[in-house]
Amino acid sequence: MPPESAIVQRTLEMLVLKALSLAPMHGWGIGQRIEQLSKGAFQVQQGSLYPALLRMRRQGWIRSEWRVTENNRRARYYFLTVAGRRQLGIETAAWDKAAEAVNAFLRTQALEGNQ
Amino acid sequence: MSVLTDLIIRARALLFRSREETELEDEVRFHIDRDVHERVRRGEVPDKARREALIAFGGVERYKERVRDARGTRPLEELAADIRYALRGLRRNPGFTATGILVLGIGIGATATVYSIVHSVIVADLPYPQSDRLVRVVEQNSATSIWALSTADVTAIRERQRVFEAWGEIQRTEVAYSGSGTPQHIVIGRASAGYFRAIGIPVARGRAIEPADEAQGAPPVMVVTDAFARRTLGGPDAALGRSLSLDGVSHTVVGVLPEGRDELGGIRAVAFPVLQLRAPTRRGPFWLRGVGRLKPDVTLAAAERDLAEISDALLPLWSDFRDSTARLTPQPLRDVVVGSAVKQVGLFAGAVALVLLLAIVNVATLVLVRASAREQELAVRVMLGAKRSRIARLIVTENLILTLSAALLGLGLATWGLDLAVAQLPDMPRIQNASLDWRVIMLGIGAAVLSGLLVSLSPVAALSDEGGLAPHAASRRTGTGQRTSAMRAAFVIAEFALAWPLLVGAGLLLNSFVRLQRVDPGFDPAGLVAVGLSLPAARYAGVADVLRFRELAGQRVAAMPGVESVGLTTQIPPDQSGGNDNFNLVHRPVPDGEAEPNSPWYYVSASYFSTLGIRIIEGRSFTPADTADEFPVIAVSRSWAEHYLPGESAVGRQLVQGGCYNCPRTTIVGVVEDIRNLGPSLPMDAVYGPMSQYGGRSMQVVARLRSMTPNVTARLRDELRALDPELPLDEFVLTEQLQASLADPMRWAAVLSAFAACAMGLAALGVFGLMAYAVRQRRREIGVRLALGAQSGVVTRLVVWRGMRYAAIGSAIGLGVTLLLANRLRTMLFDVSPTDVATFVGVGVLLLGSAFLASWIPGRRAARIRPIEAISSE
């Protein structure tokens, strides 16, 4: 069993879905794009992308296809499916809600601290 | 949706594993190359760039392995690997594999065969709608004395009963039928309209027997089986309306039973003609089988009360029957049809269960011995990091493959065994329906899985034993044995314990068979032949016709060359039971309200005694003067005289025959020597009346020949056929009849002996294997002993003594168990007690003797060990 905790795994999947929602991409490209989009905030261990990609393929959120790159090499490209796009929506909403709740919680802490 | 995608991806991963691997390889390589390219573009040195890229990726092999895990095919791949490994292991040890599969295969095959028989004979419902509501009604006056119903009985039941929604009667009999070609006997069941309604099987074509058909003088009709219609009447449709002659009486076919049905209510027959009853003139004779269908809410107990009232009402109506203890009693029809088969099949099932257990124990021993031989290999695996659970799984997989192969072999054997059993036991009710259905197949597979898990128990237990497979065990030669060798010893003890009941059972049956064979029939069967025939009432209406036929038949046969003498009788010995009658001695009548005694009753010609060589002990034989116009006379057998008239002369005594108190008294005129009329194991009470005072139409013509010639029965038959070409004739050679009467006990003795031989072989194999293994394990120790000067005889004795100890402990347990079980065999034994000392001693000697031999061989081998080699080889 992979050692990543469930939270890390889910976050990684969310990032991958977001990265693919812009355009289909191969594994290395996904890693690059996540780094760019997050302005270097997320440093993904690149190898860990591949088990995640396979799991997501089995979920039906993405599909893959071998294509030729601009440098004339064969690479496996990943595409977001309709189910994947829906999943991204769900993940985003869930994340917003969780973030809001955490923020609210943290703010309450601060108020109490003032008294 | 996603479930389907998931399945497709997993299946592809499993089926195209090498392509998946190549793709993974390509993908990872592309990633690294692309990363290196990017880093070089940014100005890094290629070597360093590659190193950095690999670090950023984070362990190529580690993530490849994670991807493989993520495919979700791991458990299946491991299973496949286990199976491959197990098959390799089994192939490497062909002796072990073949023995295991064969031993267990025979066990499972025998179990599957017997279970199919048990199911179809005992367990399966009768093939009628709501068959649990069908009951047979009998006359009964004690637990063992049960007989059929009379016309008076069924008339009363028809009129008074309130518990059955349908009630009917049937009589099974044989009649002469000459459709095309030679006349033959066919079995028919004369049935009433109510019988068809009670059984509840509608006819496939035409109609069933109806109440109007039962009236005296109504044109006789019948229902035939589909098979009979196809065989002789040109098919079920053509059969309707045809007229057939049964015993010379024309019957019209009005209905045909559904295809495949050859019996009604347990009476197997080819045709079911109407039963037309005359109004009764006395309580007896008892000749009908009555069957009723209980109303939905009526219990058996309620039916019993209702019928008891009818019994009480009947008693005062008829003066010829005075047994006030006789009761009309209902029995579930299923019990009647299954009958005595329960006991025989039960014996069979018990024996086979023991054999299966023995087979499992034996395979368990084999597996354990093999596991110990592989201790080193497994220890090395543990040392190299294999998990114990994985090794346990390997062991279980291997054993399951072994036992499932055995199940396959066993089920194959069972199809053959079942054919054999059906052919060998034709008289067993319902055995024809026995087949290997899904239940039996599940049973075979279930037995295989269960025994696979059972035999895995001990090696797996040894595995989890902490000291057992610790890595250092690899270098230790003998230490691990403690626990497993205790298990092996327990197995061997169990084998001997299980073999005991089988051997004793076989011994008792064989013993009783030998005694049966030694029984003197009381006459010399060599040169005796008989032809049985039955004169149809339609052509031999009067007694005079019958008498004339008998006279002519006797004369013609006596005139044949080579015939020494001729006699007539109603039944030939042995086994042709039939005529019985009740009687009451005039000078010593039974007390009021008690049943009159009942005896086998034969009618014979005077020359019958001389033809069979039956000596007249007292009084006289019959003479031509004993005609139907004279007072009735009888001769009785010696046993009869000793039984009913102990210490007095029988000749001259008188009795009332068949409850007919208005008839003239019957006088005993002679006492004759006993013969085994009913077969070797039954009492020899017999009453003989003169043929000349008997108007019955069935008879056997018995001839003693000077020498047996091959076609003599054919000549005898031609001689009688010349008198009446329409008669169906049955021929018998009396020596063959005597042999045939022993066929059943012989069959049971043979079956149980086969099981017992298996059991003894398995037990001997078990102790041999154990001792051979022990000698191999303790080679060094024995070598040291021999080197220190131990006599080789002492070493052999040591080994033999240990083997014998296990056999003795097992035998003690087996002896106890057998003593508890033996009584169940009592009814199948003749002249042998179920605890016959000689048999038990014999079995003990046989089993311990085989144990001695089986441990002596490894014992000898131990004594021949060369000390130097044994010590240095380690």
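Proteins come first, then strands; the chains are lettered A, B, ... in the order of their sequence lines, and each starts at number 1.
- For A:K18, the NZ atom is loosely surrounded, since the number of other residues' heavy atoms within 6.0 Å does not exceed 12.
- Using a distance-only test at 3.5 Å, with no hydrogens or angles considered, a donor-acceptor pair links the side chain of A:R58 to the main chain of B:A70.
- Atom CZ of B:R439 sits in a crowded spot, with more than 12 heavy atoms from other residues, nucleotides or ligands closer than 6.0 Å.
- Annotation for B:R66 and A:P51: closest pair CB-CG, 3.5 Å, computed over non-hydrogen atoms.
- A distance of 4.5 Å separates CG in B:D35 from CD in A:Q46, rounded to the nearest 0.5 Å.
- Scanning all heavy atoms of the two residues, the minimum distance from B:V67 to A:L54 falls at O-CD2, 3.3 Å.
- Counting heavy-atom pairs under 4.5 Å between each of B:A56, B:G59, B:G58 and chain A puts B:A56 at the top.
- The distance from the OH atom of A:Y50 to the CG atom of B:L24 is 9.5 Å, given to the nearest 0.5 Å.
- For B:E65, no part lies under 4.5 angstrom from a heavy atom of chain A.
- For a residue to count as touching a neighbouring chain, one of its non-hydrogen atoms must lie under 4.5 Å from one of that chain's; by this rule B:I8 does not touch chain A.
- Contact of A:W61 with chain B is not made at all, since no heavy-atom distance falls under 4.5 Å.
- The distance from the CZ atom of A:R73 to the CZ atom of B:R34 is 10.0 Å, given to the nearest 0.5 Å.
- For the atom pair A:R63 CZ and B:T5 OG1, the distance stands at 12.0 Å (nearest 0.5 Å).
- Here the shortest heavy-atom pairing between B:E27 and A:W66 reads N-CH2, 4.0 Å.
- In this structure, no portion of A:T81 lies under 4.5 Å from any heavy atom of chain B.
- Using a 4.5 Å cut-off between heavy atoms, B:R68 does not touch chain A at all.
- More than 12 heavy atoms of other shown residues, nucleotides or ligands fall within 6.0 angstrom of atom CD in A:E65.
- If you measure heavy-atom distances from A:R57 to chain B, the contacts under 4.5 Å come from both the backbone and the side chain.
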